[in-house]
Amino acid sequence: GVKTIELDALLVSADIARTQQGVAAAIEKLARAVEIAESTRATLGADSHRAAYASLSLRAYEDLALDLLALGLERGSQAELARAFETTERARSRTLLDTMLRAVDRALDRSTDRPVENETERQLASLRARLSALHAAPVRTDDSRPNTGTNTGTGERRASSQPTTLSELA
């Protein structure tokens with residue numbers, strides 16, 4: 001849809017900005033592209049749509065991480081290096097969450113019109129709902145945004161209401 005086109009346009013725009021003005025100019029565009037990727041991914045219900053979108057959105061994370069790393073090395077800035085690591089971790093966690101959603105969907109392997117028949121399916125359906133909620137919640141780590149969680153002291157911000165282990169999901 002429109003957001004996919006906007007994401008693609010931002011990626012191209014970041015490439016142009018990087019060439020003409022340097023990596024610092026590209027970072028702002030790539031940060032916006034990652035925001036769009038996270039918000040759009042949350043709206044994709046079908047497994048096949050999420051998988052197809054993942055490759056496009058992964059480029060936004062990769063380019064942002066690479067540009068932050070380049071800027072951090074160029075300036076000797078620990079802040080940019082930390083943001084590069086954080087961006088890589090965000091991409092990894094989103095990919096893992098997508099994989100977990102696919103696994104639960106396959107385990108349920110049922111159409112939406114068929115009722116849940118046993119306790120295991122009920123637990124899987126509940127797990128899927130919780131994973132979907134995690135999937136829909138973009139990770140906010142920029143200090144200029146409202147604090148929605150607790151600072152772990154490593155540049156990572158974790159929402160206090162979000163589960164942190166698999167056992168907390170169940």
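Distance OG/Ser13 to CZ/Arg32: 12.5 Å, rounded to 0.5 Å. Rounding to the nearest 0.5 Å gives a distance of 9.0 Å between CD1 of Ile27 and CZ of Arg18. Note that the CG atom of Leu30 and the CG atom of Asp15 stand 7.5 Å from one another [nearest 0.5 Å]. Rounding to the nearest 0.5 Å places CG of Leu10 at 5.0 Å from CD1 of Ile36. In this structure, the separation between CZ on Arg83 and CZ on Arg90 is 9.0 Å, given to the nearest 0.5 Å.
Of all heavy-atom pairs spanning Ala84 and Ala65, the tightest one is CB-O, 3.5 Å. Taking each heavy atom of Ser57 and Ala37 in turn, the nearest pair found is CB-CB, 3.4 Å. In terms of heavy atoms, Ala60 sits closest to Leu7 at CB-CD1, 4.2 Å.
Between Leu69 and Leu73 the shortest side-chain heavy-atom distance falls below 4.5 Å. Residues Leu68 and Glu86 form no side-chain contact, since every pair of their non-hydrogen atoms from C-beta on lies 4.5 Å or further apart. Put simply, the side chain of Leu11 does not reach to within 4.5 Å of the side chain of Lys29, judged on heavy atoms. Looking only at side-chain heavy atoms (C-beta outward), Leu71 and Leu81 stay at 4.5 Å or farther from each other. Using a 4.5 Å heavy-atom threshold, the side chains of Asp67 and Glu80 count as separate.
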Test log, rule salt bridge (charged side-chain N to carboxylate O under 4.0 Å, His left out), inputs Glu62 and Arg59: CA-CA 5 Å; Glu62 289 174 347; Arg59 179 171 167 226; over 6 Å; no
Lys3/Glu6 under salt bridge (charged side-chain N to carboxylate O under 4.0 Å, His left out): CA gap, chis, key distance, verdict: CA-CA 5 Å; Lys3 290 293 185 180; Glu6 186 178 1; 3.6 Å; yes
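Side chains of Tyr61 and Glu38: a donor-acceptor N/O pair is present below 3.5 angstrom, by distance only.
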